[in-house]
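Convention: sequence-line order gives letters A, B, ...; per-chain numbering from 1.
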Amino acid sequence: MTTTPLAIHARQSGRALTTLRLLTAALILALGMVVLAACGGDDDDDAAGDANGGATTTSGGTESKVMGAIITPPLEKPNFVLTDTNNKPYDIKKETEGYLTLLYLGYTHCPDVCPTHMADMATVIKKLPADVSSKIKVLFITTDPARDTPEVLGNYVHLFHPDFIGLTGPEDQIISLQKTLGVNPATKTDLGGGNYAVNHAAYVMAFTAPDNVAHTVYPLGVTREDWENDLKLLVQEGWKP
Amino acid sequence: MTLTPPRRWLTLAAVALLAVVALSFAACGGDDDDDDGASSDQQVLSGIEALDSTGLHEIEEQTLADGKAPGDAQNVARQSLTVLRLTTWPEDLQDEAKALEKYFEEMDAALNGSDDKKIADSIGKAHDAWHEFSHMVWEHLQKHANVAGGHSDDHAAATGTATTPTKMAAKLEITGAKVRASATDVSAAYMTIKNTGLEDRLLKASVDPSISPMVQVHEMVADGATMKMQEVKAGIVVPATGELVLKPGGYHIMLMNLKQPLTAGQTITLTLTFEKAGTIEVKAPVEDMTSGGSGMSGGMGASPTATMGGGH
């Protein structure tokens, strides 16, 4: 079902370990399953290069400390053309070239996890100095294209931040995108009365410039302080292994 | 009721005797009647007599008067624990006995420290819980003895002549309730439910149907890298002398099919239904949680809120 083998390594710094204790516990579990599931992968073609899932990208003498959960191998920025909230084609790779790109898969009828992530990112980005925030793009890609029309998406993402970008596409394209990103395609849970929950991967992926690769992901529970730390660091220094 | 030294001796003797009785019961194994036979009633009777005569009532009064617990308070806590643990209580009172044990454990622990306020608090709680428990046990025994009406233990008798067993209620206090301003036609409510009584269960929630006709209690469950949201049909446990926290990424109350957007500044009333405590109404302000508001790092309890209703 899934594709890219991922593994997560907390940096060996004390603070990072403390902060990441919960995150890594969750993610190691989560992504460990992905790794296991990946053995039967049917589309290895989009695996991000090196298939040696054991390789770590831990710090090699750099002083900066990334607080996000480090994934190995890193994820390539997906090469997809979706539809934006103005109903225009949006070429992800082209449009986000040169920006720190925060990609999140979610849906607008999500009551809990999605708005929490979105609010955390919006709050931190509004606080950052303009020379940093202007180098960041946030993409909210719906896993519920049936309900999330470009208009619905636009109203939603702009509640959080006027510059956030909402993207949708045909269902099969959204499924293929999720596979490319190494996560299980979202499933639905019926809640009755025509309502349904969409079960989707619940972390934000941060693609750095200029390498267009995500080395870190951010599950729910990352503090705003850690977000701020990482956004500054990743914008100003890119990824420095 | 004054407690004289000989009486204290009797108490100790009763405890010792009880221990022997309990042990011999245990040794005899499966011989016990499974349907509350005479021997079991007798054991319960000895147990409650021992528990009623530890002197907890006097300890509580003295603590209230002096602002400090008397020297033998810890002894009383430990005697009570001994009795509670060595007695096989009737099946329908075992949960209550366990809860009472917890109060005495807390009293014992508090007395190991030197925080007078905490000590007084723990004694007060243990005292109240003991009275309720004692009342229930006597009711149980009276039923078996075909005696109608209340028994005559201090002031517990004054609390009623109930012939139907009353469950020890959960004592719930709800704080930090808030509702997300809606971005679409759904929203979520969060809060902390503190329980100073017995274990309870949050079964369901509702709001005025003109706001949302469909409200469910949800949990988020990690399934691999995926977060699954699902209704908790069996309800969520509110632990005895503990708390249940509804917060992002964990539990929430989801409001669906909103008839109109929920905007910051509004206040809505949530009606929560608990297994034991019945329904409680909570006023929850609608908060803009899209930015600046409290997210994970902002903490949940930051905002003022929530009234608390009570009872059945």
Side-chain angles (χ1 to χ4, degrees), chain A residues 2 6 26-27 29-34 36-37 107-127 147-148 152 155-157 159-161 182-184 186-187 189 191-195 197-203 217 219-227, chain B residues 178-190 204-205 209 212-233 246-258 261-264 286-300:
Chain A
T2 53
L6 292 173
L27 268 163
L29 195 83
L31 295 175
M33 287 170 158
V34 174
L36 285 180
Y107 67 112
T108 69
H109 283 73
C110 170
D112 187 57
V113 174
C114 314
T116 304
H117 268 311
M118 296 294 277
D120 284 344
M121 287 190 286
T123 306
V124 172
I125 288 171
K126 283 172 188 169
K127 241 178 83 180
R147 282 187 295 194
D148 291 344
V152 171
N155 290 339
Y156 180 78
V157 297
L159 271 180
F160 296 92
H161 196 293
V183 300
N184 283 323
T187 55
T189 300
L191 296 174
N195 293 286
V198 178
N199 311 306
H200 58 89
Y203 52 75
V217 298
L220 200 65
V222 172
T223 65
R224 290 177 178 174
E225 291 70 32
D226 288 346
W227 263 121
Chain B
K178 64 178 173 181
V179 181
R180 241 180 232 290
S182 58
T184 53
D185 67 344
V186 300
S187 184
Y190 305 98
K204 59 178 181 161
S212 162
M214 195 168 163
V215 179
Q216 288 175 359
V217 180
H218 283 170
E219 64 180 339
M220 302 300 304
V221 183
D223 174 17
T226 303
M227 285 296 265
K228 277 194 165 149
M229 183 175 79
Q230 59 200 37
E231 186 179 9
V232 204
K233 290 197 167 125
L246 278 65
K247 65 174 185 191
Y251 296 110
H252 64 260
I253 293 167
M254 183 170 176
L255 283 60
M256 286 169 270
N257 304 107
L258 291 171
L262 297 177
T263 50
V286 177
E287 289 186 14
D288 176 11
M289 291 166 72
T290 56
S291 63
S294 41
M296 292 305 292
S297 52
M300 291 297 303

Can you tell me how far the [atom1] atom of [X] sits from the [atom2] atom of [Y], to the nearest 0.5 Å?
| X | Y | atom1 | atom2 | value |
| --- | --- | --- | --- | --- |
| Asn184(A) | Thr226(B) | CG | OG1 | 5.0 Å |
| Asn195(A) | Met256(B) | CG | CE | 5.0 Å |
| His161(A) | Thr290(B) | NE2 | OG1 | 11.0 Å |
| Asp112(A) | Glu219(B) | CG | CD | 11.5 Å |

Do [X] and [Y] come close enough that some side-chain heavy atom pair is under 4.5 Å?
| X | Y | answer |
| --- | --- | --- |
| Arg147(A) | Thr184(B) | no |
| Leu191(A) | Met229(B) | yes |
| Thr116(A) | Arg180(B) | yes |

- Which region of Met220(B), side chain (C-beta onward) or backbone (N, CA, C, O), has a non-hydrogen atom less than 4.5 Å from a non-hydrogen atom of chain A, or is it both or neither? side chain
Between [X] and [Y], what is the shortest heavy-atom contact and its length?
| X | Y | value |
| --- | --- | --- |
| Lys228(B) | Asn199(A) | CA-OD1, 3.3 Å |
| Ala188(B) | Pro111(A) | CB-O, 3.5 Å |
| Met254(B) | His109(A) | CE-O, 3.8 Å |

- Engaged part of His200(A) at the chain B interface, taking heavy atoms whose separation is under 4.5 Å: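 His200(A) touches chain B through backbone heavy atoms alone.
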- Query: Contact part of Thr108(A) toward chain B, heavy-atom cut-off under 4.5 Å: side chain, backbone, both or neither?
  - Reply: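 Contact with chain B: backbone and side chain both.
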